[in-house]
Each structure stands twice: as structure tokens, then as C-alpha cells.
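Below: the structure, in C-alpha cells.
Values reported hereafter were calculated over all heavy atoms of this structure, with side chains retained and with hydrogens, waters and symmetry mates removed.
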Amino acid sequence: KKAHGTKAEIVFEVVVGVILVLNAIVLGISMDWQASHKRLIQVINCLFTLMFWLEWILKLRIFGCRKMWTGSDRLVNFLDTAIIIADTVQLAIVLVLGDQMTSRIASLLRMVRLVRFTRVFRLMRSPVFQDLRDMIQGMIGGGSTLAWSLIPFVLAIYMVSLV
């Protein structure tokens, strides 16, 4: 039986949000610890990859194929799927190549990690962040007004500097 209730969706999104925040923290820490704690970082990355696959499978089970691939969140779901696949490929490359990795491959893998970090922005869709979204929209909307108000200010400063 599929759980389509909003309570199940909210609980699911909160758990996924916590995992995403923990993943972002570990990504930051792993950049400093990469050389000294290589195996530990690999194990943690394997666990996060496993959790992301589990999330994907549970999302498919809870929301169903139709809602996941044709619903309002279909683009986010396609992006998540692509990120999970890229993360899995990245993890396999790291585990297979190990110390034999070239700098080009390492740079590419860092880009994949950066893309994985973008999943944190998914949290912005939560109702908890509505005020923050409104503030950002206000800043974007007020940007053109600010730019136009700077023109007379810069002209006034320029005229005074000529005197």
C-alpha cells in the first residue's frame, strides 16, 4: 500500500533533509581530511551513496512512478537520479583506481562532489524556508531598483570630484 498522505511525505522530506545536511558537512570535512583519513572518508562516502540509493528507492515506492516521473517534482527527481548515478560512478572510480588516479580524474571527481552538494538546495522548497525564499526574491526584485539608484549617486560623486 502506497503512503500518499502529507504526514508521510513530510517525515520523509525531513529525514532526507537531515541526511543531505550531514552529507554537506562530511563533504566539507573530507576536503581537509582526504589525505590522512582516506579509508574512513571512502567508507562514509559509501554509506551516503547507499543512503541516497535507499532514498531513491523509497521515494519511488512511496510516491509511485507516475508522481515521481510526471509530477510537479519530475525535474528535481531527474536531477537527483543523475546525481546519484554520477556519485555511484565516482565512488566506483575512487575504489577501483585508488592511488593511481591522475589529476584530471581527481578534478573531475571534485566537480561531481560539488554537484552532489547542490542537493542541499532541495531543502529550500520546505515550508520552513518560506521567509528566506521571500527575502531572496525581494533582494532579486529590488536589484534593478538598487542599480538605478546607484547611477545618480555615482554621477553626483563624479561631479563633485571634478570640482
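Side-chain contact check for Leu60 versus Trp69: some heavy-atom pair is nearer than 4.5 Å. Side-chain atoms of Phe52 and Ile19, non-hydrogen and from C-beta on, do get closer than 4.5 Å to each other. Side-chain contact between Ile62 and Lys59 is absent, with no heavy atoms from C-beta onward closer than 4.5 Å. Side-chain contact check for Ser30 versus Leu40: every heavy-atom pair is 4.5 Å or farther apart. A 4.5 Å side-chain heavy-atom check between Phe78 and Asp73 finds every atom pair outside the cut-off.
Cluster membership for Leu50 and Val43, using ILVMFWY side-chain heavy atoms within less than 4.5 angstrom, is not shared. Residues Val76 and Trp53 fall into different hydrophobic clusters, defined by Ile, Leu, Val, Met, Phe, Trp and Tyr side chains chained together at heavy-atom separations under 4.5 Å. Note: the hydrophobic cluster containing Val15 also contains Ile25 (ILVMFWY, side chain heavy atoms under 4.5 Å, direct or indirect links). There is a path of hydrophobic side-chain contacts, each under 4.5 Å, that joins Ile57 to Val16. A single hydrophobic cluster is seen to contain both Leu22 and Ile44, as judged by linkage of ILVMFWY side chains at heavy-atom distances under 4.5 Å, directly or through other members.
Here the CD-CD1 distance, from Gln90 to Ile85, works out to 14.0 Å after rounding to the nearest 0.5 Å. Taking CE from Met135 and CD1 from Ile140, the interatomic distance works out to 10.5 Å, rounded to the nearest 0.5 Å.
Judged by distance alone, the side chain of Asn77 and the main-chain N or O of Met68 form a donor-acceptor pair under 3.5 Å.
Checked options Leu27, Val26, Leu91; the residue passing with Phe48 is Val26 (criterion: side chain to side chain contact (heavy atoms under 4.5 Å, CB included)).
Residues Thr145 and Gly141 share a closest heavy-atom pair of OG1-O, 4.4 Å.
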